[in-house]
Each structure stands twice: as structure tokens, then as C-alpha cells.
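Counting from 1, the numbers follow the sequence of the chain as shown.
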Amino acid sequence: MTTPSRAPTTTHRTRVVVVGGGPAGLMASHLLHRAGVDTVVLDHRTVHEIETTHRAGILETDSVRLLTDTGVYGQGPARVLTEGDRHGGIFLRFDGESHHLDFERLVGNSVWLYPQTEVFTDLHRARTRDGGDLHHGVSDVAVHDVTTSPRVTFTDAEGRPHEVLAEVVVGADGSRSACRDLVAGHRRWFREYPFAWFGILCEAPRSSPELVYTRSETGFALISQRTESVQRMYFQCDPAENPDDWSDARIWDELQGRLAGRDGFELIEGPVVSRSVLPFRSFVQTPMRHGRLVLAGDAAHTVPPTGAKGLNLALADVKVLAEVLADALAKDDLDLLDAYTGRALARVWKAQHFSYWMTTMLHRSPGDEGFDDLRQLGELHSLVSSEAGSTYLAEGYTGWPAR
Ligand code: PHB
């Protein structure tokens, strides 16, 4: 959007500017508000855009606790508990059979199926209720002077220019983060994969009470759920796949082929109401702090969706960040922020490994041959037949204790 030349710039002052008003940015703003720290939140996306972008749906126990125990729901019912579905385990399916991993028995823990869009809605309501200074749908967001006195400029939806002066900037601006480029001397680690996920939403009843992670001769598939009548499913595809080339019939053929097995598992079909190809990569940038800028969530790291760690990791970052940042501001000692990178990264690399491991255990890569297939099946059989192996997966999936 172009700036009308005569419109005067409105100057705002706050303690922390949060760039990115998705779940990570809003949770940061919420937790800082509770610690008595004022924030301004900026996002180029509109609330509607964020609410209608489908993302993963599994919350670890600690993520649920962060929603229920920090006043997100005020006096009202905790929607994550009333609308979400508690899942006590998952199914691993391979060689035509499903194997149940009972997380409650293995680690005394469970996860919740509650889509990221709902988490966003809950946090947006909470910040609005608490008078949060939120600006969605803005443009030209630019961050300046992060090592001295941070200033963030933007243009509002009416084309008027603004600047926000703050002590600290939180970069929670997602996987295409602009903030991350401002970290001088950063290091980046990548892992690309030779496949992506084809994701659909369909109108059908549930085929399974819990998620089914499937390894088949023709590649990975995941059966997830949304409601009684809408389901979410994925299958491994070529990253260059065009969703428009896939008719409903072709999608169901592919999924049925991958789910088929001698146990007679029945995959219930229905009209496909949304289809898209999801990016797939592993990425970490360090450090997560530079001067008065700190990064959180996808801005600093992305994981492949196998294992649904992305949002959980972002919320775990933000929990540590809000604690460290409120302390640093209260003591007027920003060097205390250095603790953040170390604490956050310990979990990030565990999650990187976990997502990579689940991915490579369940997907086929071009060029895989007999040895790779049989080794993969050997790994899956040893996992489900070993208490130690199953427990390892259950610990990672439900989430490691906070540090
Ligand atoms: C989802 O329901 O969208 C979902 C669940 C588990 C995953 C990824 C996505 O690992």
C-alpha cells in the first residue's frame, strides 16, 4: 500500500512490539500483559486470513495447560477442553495393520486435537477482551535500530503511516520472517525433503477415533479429524504437485491404496472441500536474540508436520520468552535475555530430531529400494514391540517437560 504523502505519522510508545499476530505473537502479548508489560501487536494478515488458514491440530499437554492456566478463557469455559478432543494415543499403521500406542499407559499423558485456527481465535478474543493493542491487516511493516532504540514503522489499513517506539521487538512473524534477517551473525541449518504433504478437508464421519500415521509401499498417509462430520487427511506427494490436478476420485484412490490392509480398516470417503500442498522442511536459526530483538516460533525454526510439533514449539518458546523478558525489563538488564536462546533451543533441537525421525520412519524417498523398505519396517516392528521404543515415541509426541 502506498502512503498518502501528507498524512502525518502517528507515534506510539510501548514496551514491547510483537511483529506477528498469529498464535505465537498473541500468546507472547497475552503472557506479557499478565506480567504487567504493555505490547503492540502488528500483522500484515487480516484476522479472517489467519482464521481460515488450515494448520495442524495437535496440542501437547503443556500447550493445553498454557491456554487453561493463564487466564485465556477468563471466567468462561476453557474451549480447548469443551470443544477439543482428548487423544490418549495414536495408531501406527504399516504392513497392512494398525498398532495402537497408548500414551496414557506409557507415559501417563495425552494430547488434544484442537486446530491451530481455534487457538488463534481463543487468543484473539482474550487479547481483545483485555484491551490489547492489536493491528492486523497492516502493511509496510519495517523494524529499525534493534541494537539501540527499536522503532517499527507500518501503514494501517486506511493508508496512514505509524511508528512504534519500544524497548524490545519480538519477531514472531512466521516461517517467512523478515525479523530473522536482522539478527547479525546468525547461523542457519536446513534439511530439505524430496516430498511434501497433500492435505485435504473432507465432509465425512470419522474413520478412526485417534490419528492413524501410515507407512505404505506407496508412501505416507495420515488420517486426522476435525469434527463429527469434517475430517483432515494428508498423504505424501511430490513437492511440485498441483492440487488442481487431483479430482476427488483420484485423491480417494490414493488414500485407499495407502490405508488398505488385511485387518479390513475402512476409510470413509466424502466430498473434498479443501486441498493444498504443504511445504516440508526443517530449519533452525541461531541465536534467537540480537540486541533488543528476540525471535519466537516459526521465525526461528520450522519442523516438518509429522508429529505436529510446530505450534507446540512456538508456544513453548513464548512461555520461556515471556518469563525471561518480563524479568529482564523489570531489572532493566537486557543481557538476561541471553538465557532465552539456550533454554528455547534445547527443546527446539529435541523437536527437530523427533519430527525428522518420525518423518524418515514413515515416508518413502525417491530411489528407496528393497533394503530401505525392509529396514524401515524393521524399525517400525521393533518400535511397536518394544516398551522402551513405544515409550520414547510417546514422550516425544506428548511433549517433554518444560525447563
Ligand atoms: C492435523 O490434524 O492437521 C495434524 C495432526 C498431526 C500431525 C499433523 C497434522 O502430525
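Taking 4.0 Å as the cut-off between side-chain N and carboxylate O, R226 and D85 do not count as a salt-bridged pair. Using a 4.0 Å cut-off between charged side-chain N and carboxylate O, E60 and R347 make a salt bridge. Using a 4.0 Å cut-off between a side-chain N of Lys or Arg and a carboxylate O of Asp or Glu, R375 and D368 do not qualify as a salt bridge. No salt bridge links R250 with D253; every basic N to acidic carboxylate O contact stays at or beyond 4.0 Å. Between R15 and D38 there is no salt bridge, since no side-chain N of the basic residue sits under 4.0 Å from a carboxylate O of the acidic one. One finds a salt bridge joining D263 and R93 here, because a Lys/Arg side-chain nitrogen approaches an Asp/Glu carboxylate oxygen to under 4.0 Å. For the pair R258 and E217, the salt-bridge criterion is not met [side-chain N within less than 4.0 Å of a carboxylate O]. In summary, E167 and R292 do not engage in a salt bridge, as defined by a charged side-chain N under 4.0 Å from a carboxylate O. Salt bridge present: D373 and R215 bring a charged side-chain N and a carboxylate O closer than 4.0 Å. The pair R86-E104 counts as a salt bridge, with a side-chain nitrogen and a carboxylate oxygen less than 4.0 angstrom apart.
Proximity of D298 to R176: side-chain heavy atoms (C-beta onward) are nowhere separated by under 4.5 Å. Using a 4.5 Å heavy-atom cutoff, the side chains of T153 and H162 are not in contact. In this structure the side chain of F94 never reaches within 4.5 angstrom of the side chain of Y213, judged on heavy atoms. Side-chain contact between V152 and H144 is absent, with no heavy-atom pair separated by less than 4.5 Å. Taking the side chain as every heavy atom from C-beta outward, C202 and M233 approach each other to under 4.5 Å. Taking 4.5 Å as the limit, every side-chain heavy atom of F354 sits out of range of all side-chain heavy atoms of V303. D173 places a side-chain heavy atom less than 4.5 Å from the side chain of C179. For the pair M361/L380, a side-chain contact is recorded, criterion being any heavy-atom separation below 4.5 Å from C-beta on.
In this structure a side-chain-to-backbone donor-acceptor pair under 3.5 Å is missing from Q225 to V230. Judged purely by atom type and a 3.5 angstrom limit, S208 has no side-chain atom pairing as donor or acceptor with the backbone of L211. T14 places no side-chain N or O within 3.5 Å of a backbone atom of V17 that could act as its donor or acceptor partner. Here the side chain of Q236 pairs no donor or acceptor atom with the backbone of A221 at under 3.5 angstrom.
For R364, the CZ atom is densely surrounded, since the number of other residues' heavy atoms within 6.0 Å is greater than 12. Within a 6.0 Å radius of CZ in R13, no more than 12 heavy atoms belonging to other residues, nucleotides or ligands are found. Within a 6.0 Å sphere centred on CG of D332, heavy atoms belonging to other residues, nucleotides or ligands number 12 at most. Within a 6.0 Å sphere centred on CD of E192, heavy atoms belonging to other residues, nucleotides or ligands number more than 12. With a 6.0 Å radius and a threshold of 12 heavy atoms from other residues, nucleotides or ligands, F190 has its CZ atom above the threshold. Shown here is Y73, whose OH atom has more than 12 heavy atoms of other residues, nucleotides or ligands within 6.0 Å.
The nearest pair of heavy atoms linking T341 to M288 is OG1-N, 3.1 Å. Contact between R127 and T39 at its shortest, heavy atoms only, is NH2-OG1, 4.2 Å. Of all non-hydrogen atoms in D317 and G297, the two that sit nearest each other are OD2-N, 2.8 Å. The two residues G291 and L337 come nearest to each other via the heavy atoms O-CD1, 4.4 Å. Listed here is the closest heavy atom pair of V348 and L313: CA-CD1, 4.0 Å. The two residues S110 and T61 have their closest heavy-atom pair at O-OG1, 2.8 Å.
Take Q116 and apply the side chain to side chain contact (heavy atoms under 4.5 Å, CB included) test, not counting sequence neighbours, and it matches P23, R55, L311.
Ring orientation note: the planes of W197 and F280 are tilted relative to one another, at an angle of 30° to 60°. In this pair, H99 and H381 present their aromatic rings perpendicular. The plane angle is above 60°, beyond the 30 to 60° band. Note on ring orientation: taking the six-membered ring where Trp is involved, the planes of H136 and F120 are perpendicular (angle over 60°, cut-offs 30° and 60°). A tilted orientation is assigned to the rings of Y193 and F195, their planes being inclined by 30° to 60°.
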* Can you list the steps and then say if V119 with Y114 is a side chain to side chain contact (heavy atoms under 4.5 Å, CB included)? -> CA-CA 7 Å; V119 175; Y114 190 64; 3.8 Å; yes
* Check the pair K331, L336 against side chain to side chain contact (heavy atoms under 4.5 Å, CB included), reporting the backbone distance first and the verdict last. => CA-CA 9 Å; K331 296 184 175 141; L336 293 173; 3.9 Å; yes
* Verdict with supporting geometry, Y392 and W357, ring-ring contact (aromatic ring centres under 6.0 Å, His included) -> CA-CA 12 Å; Y392 176 75; W357 172 63; 5.2 Å; yes
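Here the CG atom belonging to D248 is positioned 8.0 Å from the CD1 atom belonging to I200, to the nearest 0.5 angstrom. One distance of note links NE2 of H301 with OG of S355; it measures 11.0 Å at 0.5 Å rounding.
You'll find the ring centres of Y397 and F103 inside the 6.0 Å limit. The aromatic ring centres of F154 and H135 sit less than 6.0 Å apart. Taking the six-membered ring where the residue is Trp, the centroids of F235 and W246 are separated by under 6.0 Å.
Of the listed residues (L67, L81, I58), just one forms a side-chain contact (heavy atoms from CB on, under 4.5 Å) with W112, and that residue is L81.
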